[in-house]
Amino acid sequence: MSNSDKYPVLMRLMHWTVGLVILGIIASGWFMVGLEDNVSYKYDIYHLHKSFGVLVIFLLFARLVIRWASKIPKLPDTMPAYEIKLGTLVHWLLYLFMFLVPVSGYMMSDAGGRDVPLFNLVMPSFLENNRELAGLFHDIHVTIPYVLLAIVVLHVLATIKHRYFDKPEHDVLHRML
Ligand code: HEM
Ligand code: HEM
């Protein structure tokens, strides 16, 4: 195993930071919608949920630029072609949902006439107030984070399979550590 097998350090940092932030935002979303309206900190959590969600959009763009500018290590030639294709497909699905999930949240709040915060800042508004559109984005936003979560579970199971149930040279976890 040589260093050239590894993802560049910035990609590794981004992977674990954004991964943890996203799992935290999913947990916060699930938790906050279950709180009664009279719970004093309910809307503080909404504020943080939205702010970290908007941050993910910026981090995603930064991550894709870093990816484009760096050398991504090739998977071992001995891996079956279908595993390489499936892995690539899952990674791009993860990127797609990492984009669609926060953008649907942004559009839901924006079309609903609410400010979209980024901590102490207010993000620009792109949409007119429109209850129907807000309702549509709401339906999307409360569903697709769980699709993202399911893809993450698949992704983690694949990592475990490669590490413990494959040839040692097919272990990909070290590339991300
Ligand atoms: C990666 C980013 C994000 C993830 C993973 C995420 C995930 C979630 C989840 C899991 C829920 C709970 C759904 C449910 O069980 O009903 C939720 C709710 C919500 N999210 Fe997000 N979210 C993200 C970004 C955003 C952004 C950027 C905004 C707005 C600017 C936002 C606004 C909301 C609101 C207002 C709710 C509550 C909806 C309700 O009260 O029914 N989210 N989100
Ligand atoms: C315990 C949790 C996780 C583990 C063990 C894990 C493991 C890995 C590993 C080993 C790779 C490199 C695969 C290769 O060598 O080609 C990878 C790539 C990737 N992971 Fe994860 N991951 C985890 C969580 C997440 C989460 C939560 C997300 C996003 C929501 C995520 C998104 C990605 C993406 C997009 C790539 C592709 C990187 C690229 O080539 O640009 N991962 N992950």
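Note that ligands are numbered from 1 as they come in the structure, with each ligand's atoms numbered from 1 the same way.
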Quiz item: Looking only at N/O atoms, are Trp30 and ligand 1 under 3.5 Å apart anywhere?
Solution: no
Exercise. Number the atoms of ligand 1 from 1 as they appear, then name those within less than 4.0 Å of a heavy atom of Gly53, with their elements.
Key: 2 (C), 24 (C), 27 (C)
Quiz item: At a 4.0 Å threshold, what atoms of ligand 1 neighbour a non-hydrogen atom of Met32?
Solution: 18 (C), 19 (C), 20 (N), 34 (C), 36 (C), 37 (C)
Self-check item: Short N or O distance, Lys50 and ligand 1, threshold 3.5 Å exclusive
Solution: no
Quiz item: Which of the atoms of ligand 1 are close to Pro145, meaning less than 4.0 Å from one of its heavy atoms?
Solution: 7 (C), 8 (C), 9 (C), 10 (C)
Quiz item: Quick check: are there more than 12 heavy atoms from other residues, nucleotides or ligands sitting under 6.0 Å from OH of Tyr46?
Solution: yes
Quiz item: Under 4.5 Å between any side-chain heavy atoms of Leu48 and Ser28, yes or no?
Solution: no
Quiz item: Is there a donor-acceptor pair closer than 3.5 Å between any side-chain N or O of Arg114 and the backbone N or O of Ser109?
Solution: no
Quiz item: Would you call Tyr146 a ligand 1 contact, heavy-atom distance under 4.0 Å?
Solution: yes
Quiz prompt | Crowding at CH2, Trp92 (>12 non-hydrogen neighbours, <6.0 Å) | solution = yes
Quiz prompt | Minimum-distance pair of heavy atoms, taken over all atoms of Ser51 and Leu118 | solution = O-CD1, 3.6 Å
Self-check item: Met123 near ligand 1 by a heavy-atom separation under 4.0 Å
Solution: no
Exercise. Give a yes/no verdict on whether any heavy atom in His138 is under 4.0 Å from an atom of ligand 1.
Key: yes
Quiz item: Can Asp171 and Arg163 be counted as an ion pair, charged N to O under 4.0 angstrom?
Solution: yes
Self-check item: Pocket residues of ligand 2, ordered first by chain and then by residue number (heavy-atom cut-off under 4.0 Å)
Solution: Tyr7, Met11, His15, Trp16, Gly19, Arg63, Arg67, Leu75, His91, Leu94, Tyr95, Met98, Val152, His155, Val156, Thr159, Val172, Leu173, Arg175, Met176
Self-check item: Atom name in His141, limited to N/O/S, at shortest distance from atom 21 (Fe) of ligand 1
Solution: NE2
Quiz item: Taking only heavy atoms of Val116, which atoms of ligand 1 are found under 4.0 Å from at least one of them?
Solution: 30 (C)
Exercise. Give a yes or no on whether the ring-centroid distance for Phe61 and Phe58 is below 6.0 angstrom.
Key: no
Self-check item: Within 6.0 angstrom of Asn38 CG, more than 12 heavy atoms from elsewhere
Solution: yes
Exercise. Step by step, work out the ring pair (Phe, Tyr, Trp, His ring centres under 6.0 Å) result for Phe137 and Tyr106.
Key: CA-CA 9 Å; Phe137 279 119; Tyr106 194 127; over 10 Å; no
Quiz item: Of Leu148, Leu154, Leu89, which meets side-chain contact (heavy atoms from CB on, under 4.5 Å) against Leu94?
Solution: Leu148
